[in-house]
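Written out below as structure tokens is the structure these notes cover.
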Amino acid sequence: MTTHRPAPAHIPADWPVDEPAARAVQDELRARTVLDETGPAPGTGHVTGVDVAYDDERDIVAAAVVVLDAATLDVVEEATAVGRVAFPYVPGLLAFREIPAVLAALGQLAADPGLVVCDGYGIAHPRGFGLASHLGVLTGLPTIGVAKNPFTFTYEAPGAPRGSAASLLDGAREVGRALRTRDDVKPVFVSVGHRVSLDNACAHTLRLTPRYRLPESTRRADALCRAALREATASAPPPPGT
DNA sequence: GCGACAG
DNA sequence: ATCTTGTCGC
């Protein structure tokens, strides 16, 4: 297993600077989302977790990607990237906040990422183009989104046993699934990102949750990006007003 | 117009 | 996301 030094995450010169511009980018890229592929078979190849942590006071963002062996869930490779926050948090525009740092971290990898698991949504999104779909279109990689909250969507409670699922609904349209990954514990919300079917996305999510509610991939990436943020924060100028 | 809203 | 102590449970 190899780890890298944090890579510098640069904000592209043409990155949208306001909300209307960002929405226009989503409306433009949405057409490139591929939804007619099944995606990699669960338990084969690699599965990569992605997560990002912030210090908005110091304007620092840290992203982490962790490549796991899909069969054993052992860590194959890790990478991080640190940079300036690229966009404020706006519901529906999360991708513009996270993607530059995530791309920088992904670019450090020697291993094939395989299936990329994002913390958030794919096509379950106000304009049908959430973080997971956006990252998938930009990289060409198969992606799914596993979120902790239902966002603006509705769902009927899935059965109590792990593995139970219910449709995540945007009105009457199924945009994802509320999937129970642990007995009697709040479900996670799975949606397709790019080049993966919903059934397969749920199957992968279950394989990634043998012990905890959240996928092992995102748990690993979460711990790593927080550690990277702590380091970056430690050797940074104090927040304004201090 | 008001409230809700992935992370 | 982040701010934060103790506490219930396996």
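Chain A is the first sequence line, chain B the second, and so forth, proteins listed ahead of strands; every chain is numbered from 1.
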Checklist entry - Just by modelled atom types, is the A/Thr48 backbone N or O under 3.5 Å from a matching donor or acceptor in the A/Arg220 side chain? => result no
Item to check | Separation between CZ of A/Phe96 and CH2 of A/Trp15, rounded to the nearest 0.5 Å | outcome: 6.0 Å
Next on the checklist: Classify the ring geometry of A/Phe153 against A/Tyr121: parallel below 30°, tilted from 30° to 60°, perpendicular beyond 60°.
Outcome noted: perpendicular
Next on the checklist: Looking only at the side chains, is there a donor atom on one of A/Asp55 and A/Thr233 sitting less than 3.5 Å from an acceptor on the other?
Outcome noted: yes
Item to check | Given A/Val67, A/Leu109, A/Val66, A/Leu68, the one that forms side chain to side chain contact (heavy atoms under 4.5 Å, CB included) with A/Glu78 | outcome: A/Val66
Checklist outcome for this item: Paired runs of 3 or more consecutive Watson-Crick or G-U pairs involving DNA chain B, with both pairing distances under 3.5 Å, are none
Item to check | Main-chain N/O of A/Val61 paired with A/Arg84 side-chain donor or acceptor, under 3.5 Å | outcome: no
Next on the checklist: Applying side chain to side chain donor-acceptor pair (under 3.5 Å) to A/Arg5 and A/Thr80, what does each step give before you reach the verdict?
Outcome noted: CA-CA 7 Å; A/Arg5 303 273 70 215; A/Thr80 61; over 6 Å; no
Next on the checklist: Can you build the contact string for nucleotides 2-7 of chain B? Use B for base contact, S for sugar-phosphate-only contact, and - for no protein heavy atom under 4.0 Å.
Outcome noted: ---BBB
Checklist entry - Measuring from A/Arg32:CZ to A/Leu29:CG, what's the distance to the nearest 0.5 Å? => result 5.0 Å
Checklist entry - What is the distance from CG of A/Asp183 to C1' of C/dC10, rounded to the nearest Å? => result 14 Å
Checklist entry - Which is true for A/Arg211 with a 4.0 Å heavy-atom rule: it touches a base, it touches only sugar-phosphate, or it touches nothing? => result nothing
Checklist outcome for this item: From CG of A/Asp59 across to P of C/dT2 the rounded distance in Å is 15 Å
